[in-house]
Amino acid sequence: MAIGITPKHREEIPLHELTPLQFLTIASHAATRLNWTIHYQSASGFIAQSTTSVINSGSEIKLVIDGQTATISSESTGGEMIDFNKNKKNVRAFLDAFAIAQSEISPEELSIKSQELYDSFDLTAADLLKIPAESAGQKVKNFFSLFIPKKDFFFTPILVDLNILIFIIMVICGADFISPSSEILINWGANFRPLISIGQYWRLITNCFLHIGILHLLFNMYALLYVGVLLEPMLGKSKFIAAYLLTGIGASLASTWWHEQTISAGASGAIFGLYGVFLALLTTDLIEKETRKELLTSIGIFVVYNLAYGMKGGIDNAAHIGGLVSGLVMGYAFTPSLTQPERPSLGIISIATLCVVMLFSSFVVIKSIPNKESLTEYDTRFKRFRVLETMALDVYSLKADTKKEDALYEIRDRGIYYWNENISLLDSLEQLNLPTMVRERDKVLKEYCNLRIKAYELMYKAVDENTHKYDADIAKINKQIESVLKSFE
């Protein structure tokens, strides 16, 4: 599998007993057999274009003959960075077709066709195949062309440029190059549930253009370029940018719903969304079966590896999964418009429908997360819990010479009463829209109150019966209470 700015594959072929002209004649027949279009030919070889498809932008094939050696090379066109062995297959297909053409042509026919081919050459014109190979400066120019919008590769470079530009401005404004602080990320628009809950909904999309350090940026931009050069020509401009933005929002919603206090930023959620779109399309007949298998394997490995790597912690896998799932949905939603390109209205309808679905999903998720008002109300009510707890614990300050009737009153009508009041208070707090962490803490507090009541009930019996037979049970419950209290430390 060739990887590079312009992936290519080349092999040298000895001419053996053939003359250069005879070899070129047979090679031309092999190219015709493969349905390649020869758009330049000279005495030293030819330049041809392979067939193209919805996913395959084709390759430029060059045959250059120098002395008794021919060099056949296949180079991707259309901005590909990975060719999935396409160029190697082109070269292998040429060698097979050459062998067949050579076996079918007789020496007499080869002589005649070679003369006809020679007579077609313009020997006075410059031979394009003898122009020096691409310079280092030209290679640099080709690299930077990845960041310039083109007809079928328009929004990908714009998105890459925008992400890089925002990161540069962040660094200029004081953000750390390797690991920006949480405060800076929040100031620049990172996703953070407490701020989403108070109405800063724009963070659902702005966080898709922020990155937590240079390495985070580089990895994401490479992944975006990789999927963009494959997917954008298939989807077209409008569906591609809609996929990036909507799956980015889907990823942010998943992160917001899952994480209570995590600061989230990065294009990876939207990128996973694009991979989700691509995976969905790879399960349809839009892509040739032979190409489909290699792409499924490659993209499947990428997705599984990154999700597994995200299990280590410190990576927002919720956003990755949210982007991937929303991308799969979008991919299938786009399929009708891609299979019927003569009906452009289908694409508009699919985008509009997906926007409505994402808007509704955003409403549902945002309404389900705790808001500032609920937390404020919780804090106000919880202050009474502390007061009631203090009053209930006054039982332990009773003096040894306290009258039996007074002690029983304090234990039953103050201690047990106030613990039950706190349980009722905790029950009422369940009606508020609270973070999961707070709800779990309240469950433990209810357990704590119930343990206190059990201890007080045994204390009441001990005082009422004037006995120490309950001391061991009370001590056991007190150890449980200590264990609960330690869980709050």
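Computation of the quantities below employed the complete heavy-atom set of this structure, encompassing side-chain atoms and omitting hydrogens, waters and symmetry-equivalent molecules.
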Novice: Can you confirm whether N191 sits close enough to L210 that some side-chain heavy atom of one is under 4.5 Å from a side-chain heavy atom of the other?
Specialist: no

Novice: Between CZ of F240 and CD of E232, what distance do you get to the nearest 0.5 Å?
Specialist: 5.0 Å

Novice: Applying ring pair (Phe, Tyr, Trp, His ring centres under 6.0 Å), run through F360 and F363 and close with a yes or a no.
Specialist: CA-CA 5 Å; F360 176 75; F363 175 80; 7.0 Å; no

Novice: Distance check, rounded to the nearest 0.5 Å: L245 atom CG versus L204 atom CG?
Specialist: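 If we round to the nearest 0.5 Å, L245:CG and L204:CG are 12.5 Å apart.
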
Novice: Taking all atoms of both residues into account, what is the closest heavy-atom pair of C449 and I423, and its distance?
Specialist: CB-CG1, 3.6 Å

Novice: Before giving the answer on side chain to side chain contact (heavy atoms under 4.5 Å, CB included), spell out for C355 and I351 the whole-Å C-alpha distance, their side-chain angles and the decisive distance to 0.1 Å.
Specialist: CA-CA 6 Å; C355 286; I351 293 174; 4.2 Å; yes

Novice: Please table the atom pairs, donor to acceptor, closer than 3.5 Å between any side-chain atom in residues 166-185 and protein atoms at least two apart or in another chain.
Specialist:
residue: D176; atom: OD2; partner: I178; partner atom: N; Å: 2.9
residue: D176; atom: OD2; partner: S179; partner atom: N; Å: 2.6
residue: S181; atom: OG; partner: I184; partner atom: N; Å: 3.2

Novice: Could you tell me whether the side chains of Y448 and E389 share a donor-acceptor contact shorter than 3.5 Å?
Specialist: yes

Novice: What pairs of residues pass the side-chain hydrogen bond (donor to acceptor under 3.5 Å, both in side chains) test when at least one of them lies in residues 341-358, not counting sequence neighbours?
Specialist: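 Non-adjacent pairs meeting side-chain hydrogen bond (donor to acceptor under 3.5 Å, both in side chains): Q340-R343.
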
Novice: Does K446 come within less than 4.0 Å of E430, counting only side-chain N to carboxylate O?
Specialist: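 Yes, this pair counts.
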
Novice: Which atom pairs, one a donor and one an acceptor, fall under 3.5 Å between side chains of residues 270-277 and the rest of the protein, sequence neighbours left out?
Specialist:
residue: Y275; atom: OH; partner: A223; partner atom: O; Å: 3.3

Novice: K443 versus L426: any side-chain heavy-atom pair under 4.5 Å?
Specialist: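 The answer is no, as the side chains (C-beta and beyond) never meet within the 4.5 Å cut-off.
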
Novice: A quick test of your reading: do over 12 heavy atoms of other residues, nucleotides or ligands sit less than 6.0 Å from CZ of F219?
Specialist: no

Novice: If you take all heavy atoms of H29 and A101, which pair is closest and at what distance?
Specialist: CB-CB, 4.3 Å

Novice: Measure across A190 and A265 and return the closest heavy-atom pair with its distance rounded to 0.1 Å.
Specialist: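 Minimum heavy-atom contact is CB-CB, 4.2 Å.
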
Novice: Would S59 and E75 count as having a side-chain donor-acceptor pair, cut-off 3.5 Å?
Specialist: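 Per modelled atom types, S59 and E75 side chains form no pair under 3.5 Å.
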
Novice: For a quick test of reading the model, state the closest non-hydrogen atom pair linking L224 to T156 and the distance between them.
Specialist: O-CG2, 3.9 Å

Novice: So how far is it from S255 OG to N207 CG, rounded to the nearest 0.5 Å?
Specialist: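 Here the rounded value is 7.5 Å.
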
Novice: Does I47 reach the side chain of I38, with side-chain heavy atoms less than 4.5 Å apart?
Specialist: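 In short, these two side chains do not touch, never coming nearer than 4.5 Å.
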
Novice: For F385, does the six-membered ring have the charged nitrogen or CZ of R441 within the cation-pi criterion, i.e. under 6.0 angstrom from the centroid and within 45° of the normal?
Specialist: no

Novice: With sequence neighbours left out, what residues match E421 under salt bridge (Lys or Arg N to Asp or Glu O under 4.0 Å)?
Specialist: none

Novice: Are the side chain of T69 and the backbone N or O of I65 linked by a donor-acceptor pair below 3.5 Å?
Specialist: no

Novice: Quick one: side-chain hydrogen bond (donor to acceptor under 3.5 Å, both in side chains) partners of E447, sequence neighbours excluded?
Specialist: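 Once residues adjacent in sequence are excluded, E447 has no partner under the side-chain hydrogen bond (donor to acceptor under 3.5 Å, both in side chains) criterion.
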
Novice: For the side chain of S428 and the backbone of L425, is there at least one donor-acceptor N/O pair under 3.5 Å apart?
Specialist: yes

Novice: With sequence neighbours excluded, what pairs up with F209 under the ring pair (Phe, Tyr, Trp, His ring centres under 6.0 Å) test?
Specialist: Y244

Novice: Does a donor on one side chain sit under 3.5 Å from an acceptor on the other, for N90 and S74?
Specialist: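 A donor-acceptor contact under 3.5 Å links the two side chains.
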
Novice: With heavy-atom distances below 4.5 Å as the criterion, would you say the side chains of L63 and F23 are in contact?
Specialist: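 Yes, at least one pair of side-chain atoms sits under 4.5 Å.
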
Novice: Excluding sequence neighbours, so at least two apart, what forms side-chain hydrogen bond (donor to acceptor under 3.5 Å, both in side chains) with R10?
Specialist: none

Novice: Please assess M330 against L246 for the test side chain to side chain contact (heavy atoms under 4.5 Å, CB included), listing each intermediate value before the final yes or no.
Specialist: CA-CA 9 Å; M330 293 193 71; L246 292 179; 3.7 Å; yes

Novice: Test the K237-F154 pair against the cation-pi criterion, namely NZ or CZ under 6.0 angstrom from the six-membered ring centroid and within 45° of the ring axis.
Specialist: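 Output yes; distance and angle both within limits.
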
Novice: Side chains of I241 and I158, heavy atoms from C-beta outward: is any pair under 4.5 Å?
Specialist: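 No; the side chains remain at least 4.5 Å from each other.
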
Novice: Would you say the side-chain atoms of T284 pair up with the backbone N or O of L286, donor to acceptor, closer than 3.5 Å?
Specialist: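 A pair under 3.5 Å: yes.
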
Novice: Going by the rule salt bridge (Lys or Arg N to Asp or Glu O under 4.0 Å), which residues pair with R384 if we only count those two or more places apart in sequence or in a different chain?
Specialist: none

Novice: Could you walk me through whether H9 and S73 pass side chain to side chain contact (heavy atoms under 4.5 Å, CB included), step by step?
Specialist: CA-CA 6 Å; H9 181 78; S73 63; over 6 Å; no

Novice: Identify, with sequence neighbours excluded, every residue that meets side-chain hydrogen bond (donor to acceptor under 3.5 Å, both in side chains) alongside S268.
Specialist: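 S268 satisfies side-chain hydrogen bond (donor to acceptor under 3.5 Å, both in side chains) with H320 only.
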
Novice: Measuring from atom OG of S42 to atom CG of L24, what distance do you get when rounded to the nearest 0.5 angstrom?
Specialist: 7.5 Å

Novice: Not counting sequence neighbours, which residues clear salt bridge (Lys or Arg N to Asp or Glu O under 4.0 Å) with K62? List them please.
Specialist: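 Expected list: none.
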
Novice: In the structure I gave you, are the side-chain heavy atoms of S50 and L34 within less than 4.5 Å of one another anywhere?
Specialist: no

Novice: With rounding to the nearest 0.5 angstrom, report the CZ to CD1 distance, R203 to I263.
Specialist: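 Rounded to the nearest 0.5 Å, the CZ-CD1 separation comes to 9.0 Å.
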
Novice: Could you tell me which non-hydrogen atom of S362 sits nearest to which non-hydrogen atom of I249, and how far apart they are?
Specialist: OG-CG2, 4.0 Å

Novice: Less than 4.5 Å apart, any side-chain heavy atom of V64 and any of I72?
Specialist: no

Novice: Identify the heavy atoms of F98 and A27 that sit nearest to each other, and give their distance.
Specialist: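 Heavy-atom minimum between the residues: CE1-N, 3.7 Å.
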
Novice: For the atom pair CG (L338) and CZ (F334), what is the distance rounded to the nearest 0.5 Å?
Specialist: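 Answer rounded to 0.5 Å: 8.0 Å.
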
Novice: Mind checking side-chain hydrogen bond (donor to acceptor under 3.5 Å, both in side chains) for D442 and listing every partner two or more places apart, or none if nothing turns up?
Specialist: Y378

Novice: By salt bridge (Lys or Arg N to Asp or Glu O under 4.0 Å), which residues pair with K150, not counting sequence neighbours?
Specialist: none

Novice: Can you tell me if CG on D66 sees more than 12 non-hydrogen neighbours from other groups inside 6.0 Å?
Specialist: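 No.
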
Novice: Tell me, do R92 and L95 make a side-chain contact under 4.5 Å, heavy atoms counted?
Specialist: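 The answer is yes, as the side chains (C-beta and beyond) meet within the 4.5 Å cut-off.
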
Novice: The test is side chain to side chain contact (heavy atoms under 4.5 Å, CB included); show your working for S28 and F46 and say whether it passes.
Specialist: CA-CA 8 Å; S28 300; F46 63 68; 4.2 Å; yes

